[in-house]
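Remarks on the structure that follows.
Predicted, not measured: the structure shown is a model, and the values here were computed from it.
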Amino acid sequence: GGDGRRHWADHGTRHERELRASSSAKRAFRSVPMSVTLRQRGPRGPLELPPADRRPLMDDAAFEEMEELRELCLAPFDADDPHHLAMLETLWRSALPDKPFERLSRHWADTFGFQGRDPATDVRGGGFVALQHLWRFAATSPTHPGALVRSGFPLAIASINATAMLQSYLGLNPDVVVPALAGAKAPPEVRLSFARCAAASGGRAALAALHAALLHHLVDAWARLELRTTARRLTVMDYPPLAAAAAAHLQRALFFSPAPWDLARVGAALRAPSQPFSLPPADLCCASPIAMTMAFLLLLAQSLSGRRG
């Protein structure tokens, strides 16, 4: 109802900080710096939107689309579910059409960029929707997944990260923890713009389009890094800094996308190379229109300063 429309957010911020502060989480993130984890699921909070005096109430269509999308993002990957297993097989055949499907195989690492023989170990971090997003990218990308993986790019890990970044940042899945985001959450105005875009384009299609653009951004960033790194071959250990830069780029691209969102333009902004300046603090992004103008002027000054340097 009305309360739900006024409270779309991830209510687990305090618990997320506690998890990241725990020694076990620190050890996990140090050993696998590109990892995505799920914290224990608590009661689901309602959707949160900007205060009523700063925006019109979300219409029913947008609200219902976001609730449906949130349910999709909360659905875990279940290796025993025939539908989920069928999606794994579909992913396999998108890149290995001549090889018999194998649930456990070295090809998951060698061709798709998973961390081991069992793709379920990685997919669980982003849920079933992360597997759908990876399949969609593998099936439509002009570059074969194996070619990307042979260049050292951890395709599956990067794809799952991109899904998890969007889920966490847009408040679609309060259970996912993405180290690259460092707990950042989208300002209410950004979440509202996404909700309206999802209502117009379809929530699944909008999220998949943003994922594809963000993953293409990571692929392009890897290619540029490869051109600059001539003394050695890139490895998976070169990926975490790119993930951190992509997380900042995600925040910046969505923050500067004018409302109402045009999905193609937002996707183009996400795919574009990163800019050399940083975001203002989150509380400034969520402040009054005057503060929003100050944020823009601050970023503009940083950009001009960077160009003069």
If you take all heavy atoms of L170 and A186, which pair is closest and at what distance? CD2-CB, 4.3 Å
When you measure from the side chain of S193 to the backbone N and O of E189, does any donor-acceptor pair fall under 3.5 Å? yes
Using atom types as modelled, flag every donor-acceptor pair under 3.5 Å from a side chain in residues 146-155 to any protein atom, sequence neighbours excluded.
{"unit_1": "S151", "atom_1": "OG", "unit_2": "L148", "atom_2": "O", "d": "2.5"}
{"unit_1": "S151", "atom_1": "OG", "unit_2": "W222", "atom_2": "NE1", "d": "3.4"}

Taking F114's backbone N and O only, do any of them form a donor-acceptor pair with D122's side chain (distance below 3.5 Å, no angle check)? no
What I'd like to find out is whether the side chain of Q167 reaches to under 4.5 Å of the side chain of C73, using heavy atoms alone. yes
Heavy-atom side-chain proximity of L172 to L207 below 4.5 angstrom: yes
Would you check if Q251 and L181 make a side-chain contact, meaning some heavy-atom pair closer than 4.5 Å? yes
With rounding to the nearest 0.5 Å, note down the distance linking OG1 in T163 to CG in N173. 11.0 Å
Return the set of residues passing ring-ring contact (aromatic ring centres under 6.0 Å, His included) with W261 (not counting sequence neighbours), or none when no residue passes. none
For the backbone of G203 and the side chain of E65, can you confirm whether one donor and one acceptor N or O come within less than 3.5 Å of each other? yes
What's the shortest heavy-atom distance between H133 and A208, and which atoms? NE2-CA, 3.7 Å
Does A180 have any side chain to side chain contact (heavy atoms under 4.5 Å, CB included) partners at least two apart in sequence or in another chain, and if so, which? M165, V178, A243, A247
Could you check whether any side-chain heavy atom of L210 comes within less than 4.5 Å of a side-chain heavy atom of F194, counting everything from C-beta outward? yes
Contacts under 3.5 angstrom, residues 100-107 side chains, donor-acceptor by atom type, not counting sequence neighbours:
{"unit_1": "R103", "atom_1": "NH1", "unit_2": "D118", "atom_2": "OD1", "d": "2.6"}
{"unit_1": "R103", "atom_1": "NH2", "unit_2": "D118", "atom_2": "OD1", "d": "3.2"}
{"unit_1": "S105", "atom_1": "OG", "unit_2": "H107", "atom_2": "N", "d": "3.0"}
{"unit_1": "R106", "atom_1": "NH1", "unit_2": "D110", "atom_2": "OD2", "d": "3.0"}

Qualifying residues under salt bridge (charged side-chain N to carboxylate O under 4.0 Å, His left out), relative to R232, sequence neighbours excluded: D238
What salt bridge (charged side-chain N to carboxylate O under 4.0 Å, His left out) pairs are there with at least one residue in residues 76-94, not counting sequence neighbours? E89-R93
Kindly determine whether V176 and Y169 satisfy side-chain contact (heavy atoms from CB on, under 4.5 Å), including the steps that lead there. CA-CA 10 Å; V176 71; Y169 188 62; over 6 Å; no
For D220, all residues meeting salt bridge (charged side-chain N to carboxylate O under 4.0 Å, His left out), sequence neighbours excluded: R271
Applying side chain to side chain contact (heavy atoms under 4.5 Å, CB included), name anything that partners R233, two or more places apart in sequence or on another chain. none
Using 0.5 Å steps for rounding, measure from the CG atom of L96 to the OG atom of S94. 7.5 Å
Residues forming a salt bridge (charged side-chain N to carboxylate O under 4.0 Å, His left out) with R117, sequence neighbours excluded: none
Can you name the residues that form a side chain to side chain contact (heavy atoms under 4.5 Å, CB included) with A95, not counting sequence neighbours? T111, F112, H144, P145
Taking the side chain as everything from C-beta on, heavy atoms only, tell me whether S257 gets closer than 4.5 Å to R252. no
Heavy atoms of A206 and A198 approach each other most closely as CB-CA, 4.1 Å
Is the side chain of T229 donor-acceptor paired with the backbone N or O of L225 at a distance under 3.5 Å, no angle test? yes
NE2 of H83 to CG of L88: how many Å apart, nearest 0.5 Å? 11.5 Å
Distance (rounded to the nearest 0.5 Å) between E67 CD and R70 CZ: 6.5 Å
Could you check if a side-chain atom of Q115 sits within less than 4.5 angstrom of a side-chain atom of T121, using non-hydrogen atoms only? no
Mind checking what makes side chain to side chain contact (heavy atoms under 4.5 Å, CB included) contact with S159, not counting sequence neighbours? L134, H211, L215
List for me each residue that meets ring-ring contact (aromatic ring centres under 6.0 Å, His included) alongside F77, sequence neighbours excluded, and say none if there are none. H84
Within the supplied structure, the quantity of interest is the number of heavy atoms (other residues, nucleotides, ligands) at a distance under 6.0 Å from R265 CZ; does it exceed 12? no
Contact between F128 and L74 at the side-chain level, heavy atoms closer than 4.5 Å - yes or no? no
Output the distance between atom CD1 (I160) and atom CZ (R124), rounded to the nearest 0.5 Å. 11.5 Å
Does the side chain of L91 come within less than 4.5 Å of W108's, by heavy atoms? yes
Using only atom types and a distance under 3.5 Å, with no angle test, would you say the side chain of H249 pairs donor to acceptor with the backbone of L270? yes
